[in-house]
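Okay, so here's the structure we're looking at.
We name chains A, B, ... by the order of the sequence lines, and we start the count at 1 in each one.
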Amino acid sequence: MVMAPHSDKAALPAAAARKRLGGAALLPPLLLALLLATMLYSVTVGRYEVGVREVLSILWSHVVPGAQSQASAIAATVVEQVRLPRILAAVLIGFGLAISGAALQGLFRNPLVDPGIIGVTAGAGFGGTLAILLGISGYGLLAIAFGFGIASVVVVKYLATVGGRTSLLMLVLAGVVVSAFFAAAISIAKLLADPFQKLPAITYWLMGSIASNDYGDVALLAVAIVPSAAVVYLLRYQINIMSLGEERAQALGTPIATVRWTILLASAFISAGVVATSGIIGWVGLVMPHVARAFVGADHGRVLPVAGLIGAIYLLLVDNVARTATTAEIPLGIITALIGVPVFAVILRRLHSHGGWRGD
Amino acid sequence: MAGGAVIEVEDLGVRRGGRLIIERCTIAVPRGGILAVLGANGVGKTTLLMTLTGVLKPEIGRLRVDGRTGYVPQLYDVAFSYSAMDIALMGRARHVGLFGAPRQRDYAIVRRYFRLMGIDDLEERTFNTLSGGQRQLVVIAQALASECDVLILDEPCAALDYKNQRIVIDLLARLSREHGLTVVFTTHAPQHAVEIASEVLLMYPAGPALGGAREDVLNAGNLSSLYDVPIGRADFVGSDRFTYAPLYGDGTEAAR
C-alpha cells in the first residue's frame, strides 16, 4: 500500500469516540461493584438471620490472621459452609454460561444459539444420570458427568467433520443428533431407576440446582470456567471476524479452524463443569448476551465481560429466590426458564423489528 | 507476460465440490492494473477470486499473487448490530494477533480510509441499517484497512443504483491511479470494464477463459458468445465514448 502513514488528525476523532464510548468503558467496573454488593447481600439472605456486619467480620477473620470474629459459631457455619459456596457457584455458573453463550452465538453467527447446542449439556446430563443410577455420588459423579460432556463434543466434532472439513451447519446438526441420543439415554436411565430413591434424585438433579454445592463443586467450577472464559475473552476480536462467516473470516486472514475449536472446547469445559456440579441450567447462556448487547453494542470485546458480569448477578439473584421463596428449595433451572422464556420472547420481537439480526 | 506483473495466472484449474469449475485460465495483471472478470452466473468468477485470495488452492496450473490481498465479498448483512467501525476494524485481522484486539493505531488506519472515501460520518452507524452503497464502501474500507496490495472485489456494483455504481467505480479507478493498488473485480456490466479496466478476463461455462488487454478482448463478438445473447457496441454521438449492450428482438445483425 502506497498511502501515507496515518496522520495525527486521526487522534482527534479517536478521542471523541473514546468519550462517546465512555459509558461502555465504565460499565464493567460498575457491574463488578454491583456483583460484589449483590454477593454480600446474598450472604445475609435466608432463614437464619445474619447481618452484613457479621458477614464482614466472619470474612475478615479469614483474611487477617489473628483477627477474631465477633459472630456466633452458628453464623460462621451458615456463612462459610452453607451460603458462601453456593453464592460462589451461582456467580461462576452465571458468568461462565453467559460468556460461553455469547461466544457461541458469535461463532455460529446466530443470536438464538445456546451453550447446549454442541451437545455437551445433554452428554454431561446423561453422565450425571448414569452416576446417580449406579449409586455414585460426590467426585465420582462430577468426573463421570464432566467426562461425558467432553466426550460428547468430541463425538460432535467427529460427526461434523466430513473429508477433513467441518461446516457450521454440520456442527449444529451433529449437536442436535448427539443431544437427541443422550436425551433418549436419559429417559432409559430414568425408566430403569428405582422410582422411590433414585428417580427423584435424577429428576431433581437434572432440573438444575446448586443447593448442595460445596467447596469441591466450587473448585471444579472455577477450574472449568475461569481459564475457559479467559481464553474466550482473548479471542474476542477473532469472534467478531468469525461472525461474518467462515469464508470471509478466512479471506481476512483468521485461522478459522484454530479459533473455532478453541471456542468450542472452552465452551464444552464451561458447560460440562456446570452440568456436572449443578445439573442443567438453561436460558442463561441464551438470554444474557442479548442483555449485554443492548448495553454495549455487538463488539465481543465489550459484550463478553458485560454478559459474564450480568449473568453472574442474574443467577445469584435467581438463586436467592430459589432458596427463599418457598420453604422447599425450587430448582434453579425452573426459575431461569420461567424468567428466560418471556424475556427471550421480547428479545425476539425486538430483534425482528430493529433489523438487528438477519438470518442467512 | 510483463515482468512487472503482480498477478500471474497460467493455465489455472480449480475444483470445487469435485467438479472442475475453472479450467485453463491465463491472465497477467501489472502493478496498478485493473482486471475486470466477466461471465455468466455460475462460471466460477467467485471461485477464481477465492483462489486469488488464497482461500482455495489451485489444483492445476500456476498462480502467483505478489503482495497481500484484500477481499470484498458480495454485499452482505451481518448477524449482529456491529457499527461500521467494528466491521472495518475486522480488516486489521492480519495485523492484530490471535489473542489481541485492535489498538489506537488500527482505529487511525480505518479512519484514514473512511475519510478517503468520504464516509467518516458513518463510523458509529449500525452496519445493517446502512444503504447498499454505504455498506459496500464500509466493506471496501475493511479490505483497504488490511493494507493490501491487491484489492479483490466480488460484484462490487451488483444491487447498487447508478449513482452508487459510479461512486464505487470511480473509487476503484482512483485507488489504482493514485495509490498504485492492483484491482480485480467481477461484474455483469461490460460498461464497468470499458470505463476502468486495463485487462479483461472472459470466463465461459466450458473451455478456456479468454484473457488479455481490454482493447484486445472486449468486443461485441466475444461478449455475444460469452453471454449467449447478441450484444452490440453503441457509440455515443458527439463523444468518443461507447458501451456494450444486449440487443433483443429484430435488427440485431445490423448492429453487429
Side-chain angles (χ1 to χ4, degrees), chain A residues 1-14 16-18 20-21 105-106 108-111 231 233-238 240-256 258-259 262 289 293-294 297-303 351 354-360, chain B residues 49-50 53-55 67-73 76-83 85-87 89-102 104-105 107-116 120 123-124 126-129 139 142-144 146-149 152 175 178-181:
Chain A
M1 189 96 241
V2 201
M3 294 181 181
H6 60 288
S7 68
D8 291 332
K9 275 184 212 151
L12 271 172
R18 261 203 308 278
R20 279 193 296 275
L21 284 174
Q105 287 176 4
F108 287 98
R109 49 201 192 112
N110 185 334
V231 168
Y233 177 72
L234 285 174
L235 288 169
R236 59 206 181 278
Y237 173 65
Q238 305 294 337
N240 283 352
I241 297 173
M242 291 294 276
S243 73
L244 293 186
E246 297 212 322
E247 230 169 41
R248 293 181 195 124
Q250 207 179 350
L252 286 169
T254 287
I256 56 169
T258 309
V259 174
T262 308
R293 278 188 212 105
D299 171 30
H300 287 85
R302 297 195 296 269
V303 166
L351 272 178
H354 286 59
W357 172 55
R358 299 187 190 168
D360 275 353
Chain B
L49 297 191
M50 295 311 283
T53 60
V55 169
R68 228 194 313 261
T69 58
Y71 181 58
V72 179
Y76 59 90
D77 286 330
V78 291
F80 302 101
S81 43
Y82 289 115
S83 68
M85 175 53 90
D86 289 335
I87 293 287
L89 275 174
M90 296 178 197
R92 299 295 297 162
R94 284 196 178 87
H95 304 269
V96 174
L98 184 64
F99 291 128
Q104 218 39 55
R105 188 185 130 77
Y107 279 83
I109 287 168
V110 167
R111 288 203 176 89
R112 175 156 52 89
Y113 289 110
F114 274 14
R115 249 197 323 282
L116 177 86
D120 9 8
E123 190 179 314
E124 285 179 43
T126 303
F127 180 75
N128 281 349
T129 63
V139 179
Q142 180 194 65
L144 292 174
S146 73
E147 295 180 291
C148 56
D149 310 288
I152 297 170
L175 288 171
E178 293 174 14
H179 303 284
L181 227 65

Minimal non-hydrogen separation, A/Pro111 against B/Ala79, with atom names:
CG-O, 4.4 Å
Between A/Arg236, A/Gln105, A/Glu247, A/Arg248, which residue shows the highest count of heavy-atom pairs closer than 4.5 Å to chain B?
A/Arg248
Could you tell me which portion of A/Gln250 (side chain, backbone, both or neither) has an atom closer than 4.5 angstrom to a non-hydrogen atom of chain B?
both
Interface moiety of B/Ile87 toward chain A, non-hydrogen atoms closer than 4.5 Å
side chain
Of the non-hydrogen atoms in A/Arg302 and B/Asp86, which two are nearest, and what is the gap between them?
NH2-OD2, 4.4 Å
If I compare all heavy atoms of B/Ala93 with all of A/Ile241, which pair ends up nearest, and what's the gap?
CB-CD1, 3.5 Å
Evaluate the side chain to side chain contact (heavy atoms under 4.5 Å, CB included) criterion for residues A/Leu244 and B/Gln142: first the C-alpha distance (whole Å), next the side-chain angles of each, then the deciding distance (0.1 Å), finally the verdict.
CA-CA 12 Å; A/Leu244 293 186; B/Gln142 180 194 65; 3.6 Å; yes
Residue selection (most heavy-atom pairs with chain A, distance under 4.5 Å) from B/Ser146, B/Ala143, B/Pro73, B/Ser83:
B/Pro73
Whatever's closer than 4.5 Å to a heavy atom in chain A on B/Met85 counts as neither
Could you walk me through whether B/Leu98 and A/Val259 satisfy the side chain to side chain contact (heavy atoms under 4.5 Å, CB included) test, starting with their C-alpha distance in whole Å, then the side-chain angles of each, then the deciding distance to 0.1 Å, before giving a yes or no?
CA-CA 8 Å; B/Leu98 184 64; A/Val259 174; 3.8 Å; yes
Least distance between heavy atoms, B/Phe80 atom then A/Ala298 atom:
CB-CB, 3.7 Å
Is B/Arg92 in contact with chain A via its backbone, its side chain, both, or neither, using a 4.5 Å heavy-atom distance?
both
Would you name the heavy atoms of B/Leu89 and A/Tyr237 that are closest together and state the gap between them?
O-OH, 2.6 Å
Where does B/Tyr82 contact chain A at under 4.5 Å (heavy atoms): side chain, backbone, both or neither?
both
Pairs of heavy atoms under 4.5 Å with chain B: top-ranked of A/Leu235, A/Val231, A/Asn240
A/Asn240
